[in-house]
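Notes for the one structure printed next.
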Amino acid sequence: MNSIDADIVIWLNGLSGNVKVFDDFIRITASDYLMPLVFSLAMLGLWFSGKTPAERVRYQLTMLMGISALSIANFVVWLINISWDRPRPFIEHADQLNLLFYSPTDPSFPANPVAVGFVAATAAWSINRKFGLCMYAAATLFGFSRLYAGVFYPTDIVGGAIVGIVIYGFTTYLRRFLEPLVTGFVRLIRGLSAA
Amino acid sequence: MNTDPDVVRDLFASHYFLFAFLASLGTLQFVVSNSGTRGLWLTPYAVMTRWLGVGLIIVAIALFFLQPLWVDGPWAAGSVEADSLTREWGKASWDELAGARNVNDIDGGLDGVKQAIWFSLAAISAFAVSAIFGTLSVKINVIGEQRSADVLQPENADGLAGLANRSYLSNLPDSFRNFKSDIGGVWRNGINDAEGWSVMKMIFGKSSK
């Protein structure tokens with residue numbers, strides 16, 4: 001499995017250096033700022049996008065679940081990281097990879113940025129299938145660009161995606177544990193004319 | 001890295017805030033133009049507001065990623081490599097622009113927590129700006145279409161629904177009054193409907209009956 005994982009990242013990263021425009025596109029989509037901002041904007045957009053009061057409450061609860069799931073996903077990734085310190089591909093295959101991104105110092109598995117992207121995408125998908133698919137595409141592009149850049153293995157990306165989806169599902173279930181606090185919070189923000 | 005990480009972090013924080021603010025403002029305008037929340041429109045017209053939103057998002061992204069061309073930072077031409085350890089202070093070149101922003105957080109880039117904090121502040125600022133300019137939009141709409149906001153306002157509309165034809169400040173007292181009168185019922189109904197294993201039901205279940 002490790003060998004297939006390494007073969008894929010080495011083959012994919014081997015394509016870099018041929019088309020500069022594509023490499024530059026990957027450098028920007030792999031950046032710490034662009035895709036995470038897209039996910040944050042999606043959550044912000046959800047908060048304001050309902051057209052009826054009932055729809056708004058549903059969207060806003062989904063947004064709150066999304067944000068809570070992001071925090072929980074980060075915690076779960078950290079727990080996995082401290083129990084399995086998987087080295088990054090650019091460390092294990094330094095002589096075969098052309099690194100397009102800075103060298104992160106945290107463990108490789110699971111891909112934290114991908115987990116974050118898939119949490120946001122799953123939240124969006126639970127509201128609107130088309131919007132959700134666009135967000136899944138954005139999260140996949142984020143993972144692909146980090147893979148192409150040589151900082152993750154394919155299994156890290158898949159692991160991150162699974163963590164994101166499962167944690168979102170778990171968080172929506174967990175919400176019932178805190179009700180009516182969550183609904184009351186949304187009602188408070190509505191009292192401040194912002195929900 | 002041949003530059004002080006704290007200086008780099010401050011630079012990134014200010015650039016990121018502007019990036020997040022413009023993009024949040026754009027997203028907000030795009031979304032509220034679709035949902036008809038006039039009290040948050042930057043312009044009096046839906047189509048104009050929508051396109052302004054799209055424009056703001058594009059400007060935000062372009063500004064953030066092009067800024068290294070004219071602003072000094074840890075991306076001096078010739079020093080931008082994949083890793084951020086050997087950066088020099090200066091302006092970037094076109095050739096190295098795409099990788100200029102890829103700076104590790106230990107070298108001064110923003111980590112996830114800092115981004116979350118700056119994004120929240122930027123989103124709140126975007127909402128405040130929208131609420132201020134929305135007041136003007138509502139006034140122009142009301143005058144332009146010769147109608148009274150009170151007539152169009154659905155009964156008891158508050159929150160974002162109340163902003164459909166009212167400014168933020170005129171909507172706030174009604175929203176807060178409704179909140180104060182509703183919250184007791186919301187809480188009691190919520191406790192009654194909650195799962196048996198809800199923490200809130202376990203703590204407040206008896207007292208709310």
Side-chain angles (χ1 to χ4, degrees), chain A residues 20-21 23-28 30-34 36-38 40-53 55-56 60 67 70-71 74 90 98-105 112-113 116 149-150 176-184 186-195, chain B residues 16 19-20 23-24 27-28 30-32 34-37 40 57 61 64-65 82-85 97-99 101-107 109-110 112 115-116 119 123 127 158-163 168 171-172 175-176 178-180 182-183 186-187 189-191 193-195 197-201:
Chain A
K20 188 180 180 308
V21 176
D23 288 356
D24 283 350
F25 172 73
I26 291 293
R27 283 189 181 96
I28 289 174
S31 141
D32 283 335
Y33 305 100
L34 183 62
L37 189 85
V38 168
S40 306
L41 293 176
M43 295 290 105
L44 178 73
L46 267 186
W47 184 271
F48 291 95
S49 57
K51 285 183 178 163
T52 62
E55 199 176 61
R56 264 191 204 109
Q60 287 158 0
I67 290 177
L70 284 181
S71 314
N74 276 315
F90 59 81
N98 167 33
L99 195 60
L100 295 181
F101 194 68
Y102 67 74
S103 21
T105 49
N112 196 2
V116 166
R176 296 192 279 176
F177 193 61
L178 292 174
E179 279 300 353
L181 201 61
V182 186
T183 311
V186 171
R187 186 66 191 86
L188 168 68
I189 304 296
R190 197 172 121 200
L192 298 173
S193 253
Chain B
Y16 181 77
F19 176 37
S24 300
T27 304
L28 194 58
F30 183 80
V31 168
V32 296
N34 283 324
S35 60
T37 314
L40 294 176
I57 295 170
I61 295 170
F64 185 75
F65 285 100
D83 225 329
S84 51
L85 286 165
L97 188 61
R101 289 285 185 190
N102 294 340
V103 175
N104 199 342
D105 53 24
I106 52 174
D107 295 325
L110 294 182
Q115 282 189 42
F119 180 82
F127 180 81
D158 63 1
L160 291 178
L163 289 175
Y168 180 81
N171 189 48
L172 187 59
S175 296
F176 198 69
N178 286 351
F179 165 73
K180 282 201 294 186
D182 287 357
I183 190 62
V186 169
W187 185 260
N189 292 339
I191 291 284
D193 297 344
E195 303 275 346
W197 45 273
S198 157
V199 177
M200 296 300 131
K201 188 160 191 159

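Within every chain, numbering begins at 1; the chains are lettered A, B, ... in the order of the sequence lines, protein sequences first and strands thereafter. Hydrogens, waters and symmetry mates are skipped; everything else that's a heavy atom, side chains included, is used.
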Do you know which two heavy atoms are closest between A/Ser193 and B/Tyr168, and how far apart they sit? CB-CE1, 3.3 Å

Side chain / backbone / both / neither for B/Tyr16 at chain A, heavy atoms under 4.5 Å: side chain

For A/Glu179 and B/Ser198 the tightest heavy-atom approach is O-OG, 2.7 Å

Considering only heavy atoms, which portion of B/Thr37 lies under 4.5 Å from any heavy atom of chain A: side chain, backbone, both, or neither? side chain

Nearest 0.5 Å, please: how far is OG in B/Ser175 from CZ in A/Arg190? 8.0 Å

Check whether A/Ile67 gets within reach of chain B through its side chain, its backbone, both or neither, counting any heavy atom under 4.5 Å. neither

Just by distance, do the side chain of B/Thr27 and the backbone of A/Gly45 share a donor-acceptor pair under 3.5 Å? no

Side-chain heavy atoms of A/Phe48 within contact of B/Leu40, under 4.5 Å: yes

Counting heavy-atom pairs under 4.5 angstrom with chain A, the leader among B/Ala20, B/Ala194, B/Ala23 is B/Ala23

Here the gap from B/Leu110 atom CG to A/Asp32 atom CG, rounded to the nearest 0.5 Å, amounts to 9.0 Å

Interatomic distance, B/Ile106 atom CD1 to A/Ser103 atom OG [nearest 0.5 angstrom]: 8.0 Å

Taking all non-hydrogen atoms of both residues into account, name the closest pair between B/Glu195 and A/Arg176 and its distance. OE2-NH1, 2.8 Å

Find out whether A/Pro180 and B/Ile191 are in side-chain contact, i.e. whether some heavy atom of one side chain is under 4.5 Å from a heavy atom of the other. yes

Heavy-atom distances under 4.5 Å only: say whether A/Leu41 touches chain B with side chain, backbone, both or neither. both

If you count every heavy atom of other residues, nucleotides or ligands that lies below 6.0 Å from A/Lys20 atom NZ, does the total exceed 12? yes

Does any backbone or side-chain atom of B/Leu172 lie under 4.5 Å from a heavy atom of chain A? Answer side chain, backbone, both or neither. both

I'd like to know which of B/Val186, B/Asp182, B/Val32 tops the heavy-atom pair count under 4.5 Å against chain A. B/Asp182

Between CZ on residue B/Phe64 and CG on residue A/Leu34, distance to nearest 0.5 Å: 9.0 Å

Side chains of B/Phe179 and A/Arg187: does their closest heavy-atom pair fall under 4.5 Å? yes

Where does A/Ile189 contact chain B at under 4.5 Å (heavy atoms): side chain, backbone, both or neither? neither

Pick from A/Ala195, A/Pro53, A/Ser71, A/Gly184: which one has the most heavy-atom pairs with chain B under 4.5 Å? A/Ala195

Side chain, backbone, both or neither: which part of A/Ala194 has a non-hydrogen atom closer than 4.5 Å to chain B? both

Would you indicate whether the side-chain heavy atoms of A/Trp47 and B/Val31 approach each other to under 4.5 Å? no

Taking the six-membered ring for Trp, are A/Tyr33 and B/Phe65 closer than 6.0 Å centroid to centroid? no

Nearest 0.5 Å please: distance from the CG atom of A/Leu100 over to the CG atom of B/Asn102. 9.5 Å

Does some side-chain heavy atom of A/Leu188 sit less than 4.5 Å from a side-chain heavy atom of B/Ile183? no

If you measure from CG on B/Asn34 to OG on A/Ser49, what distance do you get to the nearest 0.5 Å? 9.0 Å

